[in-house]
Trainee: 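Supplied in structure tokens, the structure appears directly below.
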Amino acid sequence: MTDTSERIAKRLARAGIASRRDAEKLIAAGRIMVNGKVIDTPATKVTPRDRISFDGKEVGEAEPTRLWRYHKPTGLVTSARDEKGRPTVFDKLPGHMPRVLSIGRLDINSEGLLLLTNDGELKRKLELPSTGWLRRYRVRARGSASEATLDRLRNGLSIDGEQFRPMDVSFDRQQGANAWLTMAIREGKNREIRRALQEIGLDVNRLIRLSYGPFQLGELPLGEVEEVKTRIMKDQLGSLLPEPPKKPSPKADASRSLRRKPVAGTRKPAGRNLKR
């Protein structure tokens with residue numbers, strides 16, 4: 001018999017409600033119900049037959065995994081909600097877009113490529129440090145850069161006891177008081193490029209993400225969103241794509257119906273258990 005059950009946090013992630021980690025927070029807050037009852041543990045297992053609701057609204061079946069490229073402008077935060085009331089990227093997306101999650105983050109003063117997905121499981125995989133995807137940026141920073149100074153970034157450095165991995169850095173040109181650099185990182189620590197450049201005496205005043213793994217910003221206009229074609233997504237992601245959700249086996253349904261209790265008053269056929 002095929003087991004079609006999965007943990008509730010995984011199901012919520014597949015449905016694009018939240019990442020697994022955030023789904024666990026929703027469960028702890030009592031915002032998730034299964035078959036009309038509030039659950040309190042992310043270890044709860046569900047099947048396609050179970051009715052799941054989030055804040056009183058039913059959660060549909062997991063949709064096929066989809067991916068979008070978005071050219072994020074400055075002035076927007078990438079969290080779903082902002083405690084300071086600042087506008088988010090989700091406020092600016094077209095109305096026809098489904099519920100989506102951002103893959104990685106760009107701070108409010110950064111711009112460029114932001115990947116979006118309807119699948120929290122894919123988000124989790126693409127954000128893992130073990131995935132090792134290269135993120136490439138164009139950087140403008142106030143100050144003068146020298147190859148000797150940039151070698152500190154190439155060799156890796158420590159900031160306030162936190163170790164930063166070696167970065168790929170190329171000096172493009174000096175334009176007045178500003179240096180233009182192209183940088184690539186694999187780790188994606190919070191404000192990593194800004195902090196690293198500040199450590200060597202450069203103050204970032206423009207940061208543009210050009211690529212995230214194999215996906216490029218290209219000529220996508222500022223503020224526009226474009227879906228990645230399914231064929232391209234499969235070619236580029238391969239085994240990183242989550243497996244399609246399991247569907248109930250017809251044989252399992254049939255075997256369950258055969259095991260139903262007999263109607264009251266009926267009797268088993270005579271001689272059923274007799275040896276032949």
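Positions are given from 1 along the sequence.
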Trainee: Looking only at heavy atoms, which two atoms of T47 and R11 are closest? And how far apart?
Mentor: O-NH1, 3.7 Å
Trainee: Measure the shortest side-chain to side-chain distance between L197 and L153 over non-hydrogen atoms and say whether it is less than 4.5 angstrom.
Mentor: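 L197 reaches L153 side chain to side chain.
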Trainee: Do the side chains of R99 and N118 get nearer than 4.5 Å, heavy atoms only?
Mentor: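 Side-chain contact under 4.5 Å: no.
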Trainee: In Å, rounded to the nearest 0.5 Å, how long is the span from CD1 of I232 to CG of L67?
Mentor: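 If I round to the nearest 0.5 Å, the distance is 10.5 Å.
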Trainee: Can you see which heavy atom on T41 is nearest to which on I27, and at what distance?
Mentor: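 Nearest heavy atoms, T41 then I27: N-CG2, 3.6 Å.
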Trainee: Flag the pair N109 / T74 as yes when at least one side-chain heavy-atom distance between them is below 4.5 Å, and no otherwise.
Mentor: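 They are not in side-chain contact.
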Trainee: Do other residues, nucleotides or ligands put more than 12 heavy atoms under 6.0 Å from the CD atom of E147?
Mentor: yes
Trainee: Can a side-chain donor-acceptor contact be found between D82 and T88 if the only test is distance below 3.5 angstrom?
Mentor: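 Note: T88 and D82 side chains miss the donor-acceptor criterion.
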Trainee: May I ask you to test the L150-I200 pair for a side-chain heavy-atom distance under 4.5 Å?
Mentor: yes
Trainee: Once rounded to the nearest 0.5 Å, what's the spacing between atom CD of E199 and atom CD1 of I159?
Mentor: 4.5 Å
Trainee: Under 4.5 Å between any side-chain heavy atoms of P166 and N155, yes or no?
Mentor: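 When only atoms from C-beta onward are counted, N155 and P166 do not touch, as no gap falls below 4.5 Å.
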Trainee: Taking 4.0 angstrom as the limit, do R194 and D107 come out as a salt bridge?
Mentor: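 Between D107 and R194 there is a salt bridge, with a charged N closer than 4.0 Å to a carboxylate O.
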Trainee: Would you mind reporting whether Q198 and V204 have side-chain heavy atoms less than 4.5 Å apart?
Mentor: no
Trainee: For the residue pair Q163 and E187, what are the closest heavy atoms and their distance?
Mentor: O-OE1, 4.5 Å
Trainee: Verify the neighbour count for atom CZ of R173: are there more than 12 heavy atoms of other residues, nucleotides or ligands below 6.0 Å?
Mentor: yes
Trainee: Given the rule that I, L, V, M, F, W and Y join up when any side-chain heavy atoms are under 4.5 Å apart, are L115 and L210 in one cluster?
Mentor: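 Yes; L210 is reachable from L115 via cluster members.
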Trainee: Counting distance only, does the side-chain N/O of Q174 pair as donor-acceptor with the main-chain N or O of G176 below 3.5 Å?
Mentor: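 Pair found, side chain donor or acceptor close to backbone of G176.
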Trainee: Is the closest side-chain heavy-atom distance between L202 and V139 below 4.5 Å?
Mentor: no
Trainee: What heavy-atom pair brings P87 and G75 nearest, and what distance separates the two atoms?
Mentor: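 Scanning both residues, the minimum pair turns out to be CG-O, 3.6 Å.
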Trainee: Is there a path of hydrophobic side-chain contacts, each under 4.5 Å between heavy atoms of I/L/V/M/F/W/Y residues, joining L116 to F215?
Mentor: no
Trainee: Are M33 and V59 linked, directly or through intermediate hydrophobic residues, by side-chain heavy-atom contacts shorter than 4.5 Å (ILVMFWY only)?
Mentor: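 V59 and M33: separate clusters.
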Trainee: Decide whether L134 and M167 are clustered together by the hydrophobic rule: side chain heavy atoms of Ile, Leu, Val, Met, Phe, Trp, Tyr closer than 4.5 Å, transitively.
Mentor: no
Trainee: Hey, quick one: are V100 and V228 part of the same hydrophobic cluster, counting side-chain heavy atoms closer than 4.5 Å, chains of contacts allowed?
Mentor: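 Not linked; separate clusters.
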Trainee: CZ of R138 to OG of S211: how many Å apart, nearest 0.5 Å?
Mentor: 13.5 Å
Trainee: Of all heavy-atom pairs between S110 and L207, which one has the smallest distance, and what is that distance?
Mentor: OG-CD2, 3.3 Å
Trainee: Between L217 and H71, does the side-chain contact (heavy atoms from CB on, under 4.5 Å) criterion hold? Intermediate values first, please.
Mentor: CA-CA 7 Å; L217 177 64; H71 190 159; 3.7 Å; yes
Trainee: Checking S102 side chain against R105 main chain: does a donor-acceptor pair fall under 3.5 Å?
Mentor: no
Trainee: Any donor-acceptor pair under 3.5 Å linking the side chain of Y212 with the backbone of L126?
Mentor: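 Side chain of Y212 to backbone of L126, a donor-acceptor pair under 3.5 Å: yes, one is there.
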Trainee: If you draw a 6.0 Å radius around CZ in R142, do more than 12 non-hydrogen atoms from other residues or ligands fall strictly inside?
Mentor: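 Atom CZ in R142 is not packed in, count stays at 12 or less.
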Trainee: Please confirm whether the backbone N or O of M183 pairs with a side-chain atom of D168, one donor and one acceptor, at under 3.5 Å?
Mentor: no
Trainee: Between M97 and W68, does the side-chain contact (heavy atoms from CB on, under 4.5 Å) criterion hold? Intermediate values first, please.
Mentor: CA-CA 10 Å; M97 291 279 291; W68 290 263; 3.6 Å; yes
Trainee: Mark yes when over 12 heavy atoms from residues, nucleotides or ligands other than R195 sit less than 6.0 Å from its CZ; otherwise mark no.
Mentor: yes
Trainee: Before you tell me yes or no, could you show the steps for D50 and I8 under side-chain contact (heavy atoms from CB on, under 4.5 Å), namely the whole-Å CA-CA distance, both residues' side-chain angles and the distance that decides it to 0.1 Å?
Mentor: CA-CA 10 Å; D50 289 313; I8 181 66; over 6 Å; no
Trainee: Please round to the nearest 0.5 Å and tell me the distance separating atom NZ of K125 and atom CD of E121.
Mentor: 5.5 Å
Trainee: Identify the heavy atoms of E127 and G104 that sit nearest to each other, and give their distance.
Mentor: OE2-N, 2.6 Å
Trainee: Which is it for T149 and F171 under the side-chain contact (heavy atoms from CB on, under 4.5 Å) test, yes or no, and what are the steps along the way?
Mentor: CA-CA 11 Å; T149 304; F171 175 72; over 6 Å; no
Trainee: Roughly how far apart are D91 CG and L76 CG, rounded to 0.5 Å?
Mentor: 8.0 Å
Trainee: Tell me, yes or no, whether the heavy-atom count around R140 atom CZ, taken from other residues, nucleotides or ligands under 6.0 Å, exceeds 12.
Mentor: yes
Trainee: With a 4.5 Å cut-off on side-chain heavy atoms, are W133 and P214 touching?
Mentor: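 In short, these two side chains touch, coming nearer than 4.5 Å.
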Trainee: Could E24 and R21 be called an ion pair, given the rule that one side-chain N must be under 4.0 Å from one carboxylate O?
Mentor: no
Trainee: Do Q216 and R136 meet the criterion of a side-chain donor-acceptor pair at a distance under 3.5 Å?
Mentor: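 Checked: Q216/R136 side chains pair up, N/O donor to acceptor below 3.5 Å.
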Trainee: Would you check if the side chain of R69 reaches a backbone N or O of L113 as a donor-acceptor pair within less than 3.5 Å?
Mentor: no
Trainee: Supply the atom-to-atom distance K45 NZ to K10 NZ, rounded to the nearest 0.5 angstrom.
Mentor: 9.5 Å
